[in-house]
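Naming convention: chains lettered A, B, ... in sequence-line order (proteins, then strands); numbering from 1 in each chain.
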Amino acid sequence: MLHLFNTLTGTRELFEPLDPPTVGMYVCGVTVYDYCHVGHARSALVFEVLRRYLEYSGYTVRFVKNFTDVDDKIIARAREQGVSCEAITNRFIEAYYEDMERLGVRRATEEPKATEHIGDIIRLTETLINKGLAYVVDGDVYFSVAHYPAYGRLSKRRLEDLQAGARVEVDERKRHPMDFALWKRSRTDEPSWASPWGPGRPGWHIECSAMSLKHLGETFDIHGGGMDLIFPHHENEIAQSCGATGKEFARFWVHNGFVQVNHEKMSKSLGNFFTIREIFAQSEWPEPVTGEVLRYFLLSTHYRAPVDFSDRALKEAKNALNSFYDLFERLKEPSTIAAHDHGDLNGVIERAQTSFVRAMDDDLNTPMAIAALHGLRGEVNKLLANALSSQGRMQARQAFRTMGKVLGLFQLEAWQFGASCAGSSVHDAGHQHEGLAPGSARLSDDEIERLVKERGEARQRKDFKKADEIRRTLSALGIIVEDKPDGTSRWKR
RNA sequence: GGCGCCGUACCCAAGUGGUAAGGGAGCAGUCUGCAAAACUGCGAUGCGGCGGUUCGAACCCGCCCGGCGCCUCCA
């Protein structure tokens with residue numbers, strides 16, 4: 001039974017979908033005017049994991065994630081570069097997909113764009129005007145917060161408090177300083193669409209109301225986004241949606257915490273952000289490995305807590321993953337043990353699964369879920385030391401795959417991860433590593449295999465001096481050689 | 001000024017009333033030709049501080065200290 005922290009109520013609540021087994025979930029995506037940074041990655045990842053876990057729990061998820069492709073910053077960026085807004089948005093949507101793919105973030109079931117819903121937005125705005133919740137001034141349309149009594153429900157703010165703190169210059173044409181634009185009159189060189197109020201474009205908040213309404217209906221299960229969206233964006237969405245339909249809007253509001261650098265929020269204005277592509281470009285690991293390391297790092301902190309980004313943290317994530325993939329490689333090695341001899345494997349797996357589910361059910365406690373996987377790692381290592389049949393080994397690997405899939409971890413083959421590889425002095429060393437060469441290693445696999453074989457031969461004739469010399473050579477190139485009990489060796493980068 | 005978050009061992013990080021998970025690093029041991037990996041053992045009498053409630057508090061309440069976020073675009 002999944003429990004989720006609901007920002008609306010400020011408490012952890014039992015999650016039950018409105019219309020099981022379907023779950024309707026809307027998450028605010030990105031404004032496509034620049035590359036994504038780690039903060040965007042975290043948000044995308046958190047809600048993807050929620051989606052994966054809901055699916056793991058047997059639900060069918062309708063997952064809607066939007067692109068904001070009309071916005072002041074997009075216009076500014078286009079002007080700056082002397083290109084059209086479409087050129088900007090197309091470019092960064094494509095970049096978004098590239099980044100997400102490298103992180104292993106699956107696409108949502110629907111990914112609507114604001115510009116494809118102008119008609120819906122206009123109709124919704126008209127409804128709000130007709131209901132007396134919005135008014136027109138010189139081709140602009142504003143939402144009237146004073147006419148929506150529940151304003152502030154999500155962010156727990158009172159209009160009076162907001163008024164006192166408002167530091168922005170007040171637009172004299174607005175009836176209340178907190179009134180916000182549903183529709184903005186366009187200047188001549190800005191993108192615009194015909195509307196009952198003249199040519200213009202939608203305000204920021206209205207698109208999410210219109211798109212969620214269209215794709216998920218008036219009331220749906222989960223609405224997510226970064227904590228910084230609670231106010232004003234989500235507050236305004238609620239006002240618009242509930243104002244227009246008179247119905248409940250999203251039932252659960254889920255917000256992720258920030259990625260920080262040196263304990264400060266990672267943001268454009270502070271200039272302390274790392275784009276996802278920068279991290280991949282600078283990574284010493286192969287691309288799929290870097291993606292998994294980032295996932296592990298981001299999921300090893302609870303989604304609502306802040307997480308501090310650093311090279312060191314990434315390295316720690318890599319080390320932790322190494323211990324899993326090292327095990328997976330050993331699980332692949334052949335066993336002479338009888339097929340029925342599993343020890344207490346079934347019990348061990350069952351207990352790990354119970355802990356894993358309990359953790360995930362508890363407001364998506366991924367750090368605890370990861371701890372359960374570490375527990376299983378230790379148990380399987382012990383069983384392996386006491387010998388485990390080939391069948392048992394496969395079963396164990398499959399358990400890691402199944403639970404790991406919820407977090408998007410453990411799906412690679414050990415050789416892809418750069419974990420221990422069977423050396424040429426052993427069986428089936430046929431793995432191909434082309435295209436995965438990490439920046440640090442200059443030797444080809446063939447050369448490494450040759451040296452490992454040479455070392456094996458030296459060991460056989462007890463020429464340990466020579467053997468150690470070869471190992472040192474390889475070690476200097478970042479290649480670790482491990483000797484197995486049967487006298488053969490495995491290696492890893 | 002208003003709203004809110006965080007502070008747990010050297011580092012990361014769970015735990016939100018019943019007596020401190022897990023990972024990394026470190027140290028010691030087993031194994032090994034030597035290693036590595038794995039396994040075993042060691043490590044906070046204490047959870048920012050001070051009070052209070054309670055049979056019992058890291059968890060609840062109050063005050064204080066330190067760090068941060070939102071209130072303006074922001075994942």
Nucleotides 13-24 of chain B: which of its N/O atoms have a protein N/O under 3.5 Å away?
residue : atom : partner : partner atom : Å
B:rA14  : OP1  : A:H302  : N            : 2.7
B:rA14  : O3'  : A:N365  : ND2          : 2.9
B:rG15  : OP1  : A:N365  : ND2          : 2.9

Item to complete: Measure from NZ or CZ of A:R102 to the centre of the six-membered ring of A:F280 and say whether it is under 6.0 Å with the direction within 45° of the ring axis.
Response: yes
Discussion item. If the test is ring pair (Phe, Tyr, Trp, His ring centres under 6.0 Å), which one of A:Y151, A:F180, A:W183 qualifies with A:F143?
Written reply: A:F180
Worksheet item: When rounded to the nearest Å, what value does the distance between C1' atoms of B:rC47 and B:rC6 take?
Response: 14 Å
Discussion item. Parallel, tilted or perpendicular, judged at 30° and 60°: which one describes the rings of A:F67 and A:Y97?
Written reply: perpendicular
Worksheet item: Contact class for A:V259 vs. all strands (heavy atom < 4.0 Å): base, sugar-phosphate, or nothing?
Response: base
Fill in: Interatomic distance at P, B:rU16 relative to B:rC61, whole Å
14 Å
Fill in: Mutual orientation of the aromatic rings belonging to A:H255 and A:W253 [parallel < 30°, tilted 30-60°, perpendicular > 60°]
parallel
Discussion item. Test your reading of the model: is there a side-chain donor-acceptor pair from A:R158 to the backbone of A:G152, 3.5 Å cut-off?
Written reply: no
Pairs: protein N or O with nucleotides 31-33 of chain B N or O, under 3.5 Å:
residue : atom : partner : partner atom : Å
B:rG33  : O6   : A:R455  : NH2          : 3.4
B:rG33  : O6   : A:R459  : NE           : 3.3
B:rG33  : N1   : A:D468  : OD1          : 3.0
B:rG33  : N2   : A:D468  : OD1          : 3.3
B:rG33  : N2   : A:D468  : OD2          : 2.6

Worksheet item: Mind checking whether A:F400 and A:F324 have parallel, tilted or perpendicular rings, split at 30° and 60°?
Response: perpendicular
Fill in: Side-chain N,O (A:K156) to OP1/OP2 (B:rC71) below 4.0 Å
no
Discussion item. Work out how far the P atom of B:rA35 is from that of B:rG23, and round it to whole angstrom.
Written reply: 25 Å
Fill in: Within 45° cone of A:Y303 ring axis and under 6.0 Å: A:R42 NZ or CZ
no
Fill in: Which nucleotide in B:rC39, B:rC70, B:rA75 has an atom nearest any side-chain atom of A:F231
B:rC70
Worksheet item: Should the ring pair A:F309 and A:F274 be called parallel, tilted or perpendicular, given that the plane angle runs from 0 to 90° and is split at 30 and 60?
Response: tilted
Discussion item. Using a heavy-atom cut-off of 4.0 Å across all strands, would you classify A:N256 as base, sugar-phosphate, or nothing?
Written reply: base
Worksheet item: Can you give the dot-bracket line for RNA chain B, using ( ) for pairs inside the strand, [ ] for pairs that cross earlier ones, | for pairs with another strand and . for unpaired bases, where Watson-Crick and G-U count if both distances are under 3.5 Å?
Response: ((((((((.[[[..)..(...]]].(((((.......))))).....[[[[[..)....]]]]])))))))....
Discussion item. For A:G29 versus A:N66, what's the shortest heavy-atom pair and its separation?
Written reply: N-OD1, 2.9 Å
Worksheet item: What is the nucleic acid contact for A:V481, judged by heavy atoms within less than 4.0 Å: base, sugar-phosphate only, or nothing?
Response: base
